[in-house]
A.B. asks: 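I am attaching a structure below and will ask some questions about it afterwards.
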Amino acid sequence: MSTTQKHPYHLLDPSPWPLLSALSALLLCVGLLMFFAGDGENVWADASVLMIGFATVVLIAALWWRDVIREAESGLYHNEIVQLGLRYGMVLFIASEVMFFAAWFWAFFDVWFYHGGANSPELVMRTDPEVLGGVWPPAPLQGKLFDPWTIPFLNTVILVSSGATLTWAHHALRANHRKYLCSGLGITILLGLTFTALQIVEYGEASFGFDEGIYPSIFYMATGFHGVHVVIGTIFLTVCFFRALVGHFTSHHHIGFEAAAWYWHFVDVVWLFLFTFIYWWGSL
């Protein structure tokens with residue numbers, strides 16, 4: 001891209017990463033299908049394609065991210081107009097994520113409010129009063145649900161605290177206090193890792209499985225996808241942490257950090273809804 005261009009927009013150079021990332025994601029999905037459809041007698045053989053797909057996704061993501069960082073640090077591409085466009089893109093991405101989680105909450109509330117008295121055959125099969133016991137959560141799960149004031153509440157405190165430490169890091173960046181920026185990011189990453197570890201422990205202690213009805217299915221899909229987003233957000237913040245260590249961000253140019261912070265705060269808000277409705281209200 002020439003420095004004498006007559007417009008302020010960023011025209012992307014040809015890149016192999018979109019095509020390669022799509023192919024690696026396809027390989028990962030095929031590996032998942034092969035793994036789930038395997039007979040379980042030879043786990044490593046069933047998981048071989050899955051591991052190769054996962055490794056290629058990680059490698060290509062790292063290489064693509066490397067190129068984006070080089071663009072950001074070159075001083076030629078990310079002017080004010082380009083940064084505004086990147087912010088709009090991140091806002092639209094988060095909006096799509098909002099709709100993604102709205103679907104799981106819709107499913108939860110749909111069955112909660114209409115768990116009996118259905119007329120159509122599909123609804124009768126899905127909300128058979130003999131299966132649900134005329135109550136929500138289903139009668140067979142009564143007494144097996146998680147106590148919301150144990151690990152779920154602890155994870156809530158952890159995520160809310162991580163939002164506070166990330167905000168502290170953001171204010172430190174805007175004030176050019178790099179030491180506090182790195183400290184705030186480091187603490188946030190540790191809190192994210194702690195949240196993930198506690199959720200793994202929680203799943204290990206669960207008294208119901210994924211295939212035991214519609215409530216467990218919605219529960220594991222909603223909280224599981226949120227856990228995946230926490231892992232992705234932790235990786236995002238870790239990249240920002242190492243970039244901060246080498247001095248990539250300035251008080252006026254830190255769009256990568258802002259994107260990571262917005263994503264993390266979105267994950268925080270989603271968890272508050274999960275805790276309130278699925279853990280607390282759903283257990284009343």
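Throughout, numbering of the chain's residues begins at 1 and tracks the sequence.
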A.B. asks: Determine whether the aromatic ring centres of Trp65 and Phe236 lie less than 6.0 Å apart.
C.D. replies: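 Close enough - the centres of the two rings lie under 6.0 Å apart.
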A.B. asks: So, using ring pair (Phe, Tyr, Trp, His ring centres under 6.0 Å) as the criterion, who are the partners of Phe146 when residues are at least two apart?
C.D. replies: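 So Phe146 forms a ring pair (Phe, Tyr, Trp, His ring centres under 6.0 Å) with Phe208, Phe219.
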A.B. asks: Is it possible for you to say whether Val160 and Ile151 belong to one hydrophobic cluster, with membership spreading through side-chain heavy-atom contacts below 4.5 Å?
C.D. replies: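 The answer is no; the residues belong to distinct hydrophobic clusters.
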A.B. asks: Decide yes or no for Phe249 and Cys240: does some side-chain heavy atom of the first lie under 4.5 Å from some side-chain heavy atom of the second?
C.D. replies: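 Answer yes - side chains close enough.
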A.B. asks: For Ser207 and Lys144, which heavy atoms make the closest approach, and how far apart are they?
C.D. replies: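 Closest heavy-atom pair between Ser207 and Lys144: OG-O, 2.8 Å.
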A.B. asks: Look only at the side chain of Glu71 and the backbone of Arg66, and say whether a donor-acceptor pair between them is shorter than 3.5 Å.
C.D. replies: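 Checked: no pair found.
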A.B. asks: How about Arg87: does its CZ atom have over 12 heavy atoms from other parts shown lying under 6.0 Å from it?
C.D. replies: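 Yes, enclosed.
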A.B. asks: Do you know the tightest heavy-atom contact between Asn155 and Gln199?
C.D. replies: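 Distance-wise, the nearest heavy atoms are ND2-N, 3.9 Å.
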A.B. asks: Between Phe277 and Trp112, is the gap from one ring center to the other below 6.0 Å?
C.D. replies: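 No - the distance between ring centres of Phe277 and Trp112 does not fall below the 6.0 Å cut-off.
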A.B. asks: Kindly say whether Val246 contributes a backbone atom to a donor-acceptor pair with the side chain of Arg178 at under 3.5 angstrom?
C.D. replies: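 The answer is no, because no donor-acceptor pair under 3.5 Å joins these two groups.
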A.B. asks: Treat each ILVMFWY residue as a node, draw an edge where side-chain heavy atoms are under 4.5 Å apart, and state whether Leu19 and Ile52 are in one component.
C.D. replies: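 No, it is not one cluster - the side chains of Leu19 and Ile52 are not joined through contacts under 4.5 Å.
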A.B. asks: Which is it for Arg243 and Glu73 under the side-chain contact (heavy atoms from CB on, under 4.5 Å) test, yes or no, and what are the steps along the way?
C.D. replies: CA-CA 11 Å; Arg243 291 189 65 191; Glu73 294 303 309; 3.1 Å; yes
A.B. asks: May I ask you to check whether Tyr203 and Tyr220 place their ring centres under 6.0 Å from each other?
C.D. replies: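 Centroid distance Tyr220-Tyr203: below 6.0 Å, so yes.
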A.B. asks: Which distance, rounded to the nearest 0.5 Å, do you find between the CG of Leu86 and the NE2 of His78?
C.D. replies: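 Interatomic distance, Leu86 CG to His78 NE2, rounded to 0.5 Å: 5.5 Å.
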A.B. asks: Show, in sequence, the C-alpha distance, side-chain angles and deciding distance for Thr188 and Ser162, and conclude whether the side chain to side chain donor-acceptor pair (under 3.5 Å) test is met.
C.D. replies: CA-CA 5 Å; Thr188 305; Ser162 71; over 6 Å; no
A.B. asks: Nearest 0.5 Å, what's the CD1-OG1 distance between Ile218 and Thr223?
C.D. replies: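 With rounding to 0.5 Å, CD1 (Ile218) is 11.5 Å from OG1 (Thr223).
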A.B. asks: Do Phe242 and Val68 land in one hydrophobic cluster if side-chain heavy atoms of ILVMFWY residues count as linked below 4.5 Å?
C.D. replies: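 Each belongs to a different hydrophobic cluster.
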A.B. asks: What verdict does the ring-ring contact (aromatic ring centres under 6.0 Å, His included) test give for Phe275 and His226, after you've listed the backbone C-alpha separation in whole Å, the side-chain angles of each residue and the deciding distance to 0.1 Å?
C.D. replies: CA-CA 11 Å; Phe275 175 78; His226 177 269; over 10 Å; no
A.B. asks: Decide side-chain contact (heavy atoms from CB on, under 4.5 Å) for Met221 and Phe210; before the verdict, give the C-alpha distance in whole Å, the side-chain angles of both, and the deciding distance to 0.1 Å.
C.D. replies: CA-CA 9 Å; Met221 292 298 286; Phe210 182 86; 3.7 Å; yes
A.B. asks: Using modelled atom types only, decide if a donor and an acceptor are shared between the side chain of Asn79 and the backbone of Pro8 within a distance under 3.5 Å.
C.D. replies: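 Yes: the side chain of Asn79 pairs with the backbone of Pro8.
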A.B. asks: Just wondering, do Ser21 and Val57 contact through their side chains at under 4.5 Å, heavy atoms?
C.D. replies: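 Val57 vs Ser21: side chains apart.
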A.B. asks: To the nearest 0.5 angstrom, please state how far the NE2 atom of His248 sits from the CD1 atom of Ile69.
C.D. replies: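 Output value for this atom pair is 6.5 Å.
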A.B. asks: Membership question, hydrophobic clusters at under 4.5 Å side-chain separation (ILVMFWY): are Leu154 and Trp149 in the same one?
C.D. replies: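 Same hydrophobic cluster.
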A.B. asks: Determine whether Leu191 and Leu159 make a side-chain contact, defined as any pair of heavy atoms from C-beta on separated by less than 4.5 Å.
C.D. replies: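 Side chain of Leu191 against side chain of Leu159, heavy atoms only: no contact under 4.5 Å found.
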A.B. asks: Between Leu190 and Ile232, is there a shared hydrophobic cluster once you connect ILVMFWY residues whose side-chain heavy atoms come closer than 4.5 Å?
C.D. replies: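 No, because Leu190 and Ile232 fall into different hydrophobic clusters, even though each may have its own neighbours under 4.5 Å.
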A.B. asks: To the nearest 0.5 Å, what is the distance between OG1 on Thr156 and CH2 on Trp280?
C.D. replies: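 Output value for this atom pair is 12.5 Å.
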A.B. asks: May I ask you to test the Leu237-Leu185 pair for a side-chain heavy-atom distance under 4.5 Å?
C.D. replies: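 Result yes, sub-4.5 Å side-chain heavy-atom pair found.
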A.B. asks: Taking Trp271 as the fixed residue, which of Phe266, Phe195, Trp264, Phe225 is the one that meets the ring pair (Phe, Tyr, Trp, His ring centres under 6.0 Å) rule?
C.D. replies: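 Passing option: Phe195.
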A.B. asks: Just jot down the ring pair (Phe, Tyr, Trp, His ring centres under 6.0 Å) partners of Phe257, sequence neighbours excluded, or say none.
C.D. replies: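 Phe257: ring pair (Phe, Tyr, Trp, His ring centres under 6.0 Å) contacts with His170.
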A.B. asks: Does Asp67 reach the side chain of Leu63, with side-chain heavy atoms less than 4.5 Å apart?
C.D. replies: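 No, too far: nothing below the 4.5 Å cut-off.
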A.B. asks: Hey, does the side chain of Ser251 reach the backbone of Leu173 with a donor-acceptor pair shorter than 3.5 angstrom?
C.D. replies: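 Pair absent, no side-chain N/O of Ser251 close to backbone of Leu173.
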A.B. asks: For the backbone of Gly53 and the side chain of Ser24, can you confirm whether one donor and one acceptor N or O come within less than 3.5 Å of each other?
C.D. replies: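 Checking the backbone N and O of Gly53 against the side chain of Ser24, no donor-acceptor pair under 3.5 Å is found.
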A.B. asks: Mind listing the closest non-hydrogen atom pair of Leu181 and Ala244 along with its distance?
C.D. replies: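 The answer is CD2-CB, 3.7 Å.
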A.B. asks: Quick one: closest heavy-atom pair of Cys182 and Leu245, and the distance?
C.D. replies: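 Result for this residue pair: SG-CD2, 3.7 Å.
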A.B. asks: Could you walk me through whether Ile187 and Trp168 pass the side-chain contact (heavy atoms from CB on, under 4.5 Å) test, one step at a time?
C.D. replies: CA-CA 10 Å; Ile187 295 172; Trp168 172 44; 4.1 Å; yes
A.B. asks: Please tabulate, for the side chains in residues 88-109, all donor-acceptor contacts under 3.5 angstrom to protein atoms that are two or more places apart in sequence or on a different chain.
C.D. replies:
| from | atom 1 | to | atom 2 | distance (Å) |
| --- | --- | --- | --- | --- |
| Ser96 | OG | Phe93 | O | 2.5 |
| Glu97 | OE1 | His229 | NE2 | 2.2 |

A.B. asks: Between Val82 and Tyr77, is any pair of side-chain heavy atoms under 4.5 Å apart?
C.D. replies: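 Heavy-atom side-chain distance check fails, nothing below 4.5 Å.
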A.B. asks: Between atom CD1 of Ile158 and atom OG1 of Thr194, what is the distance when rounded to the nearest 0.5 Å?
C.D. replies: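 So the gap between those two atoms works out to 5.5 Å.
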A.B. asks: How long is the straight-line distance from CD1 of Ile235 back to OG1 of Thr238, given to the nearest 0.5 Å?
C.D. replies: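 That separation rounds to 7.5 Å.
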A.B. asks: Check whether any side-chain heavy atom of Val30 sits under 4.5 Å from a side-chain heavy atom of Met34, and report yes or no.
C.D. replies: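 The answer is yes; the side chains approach within 4.5 Å.
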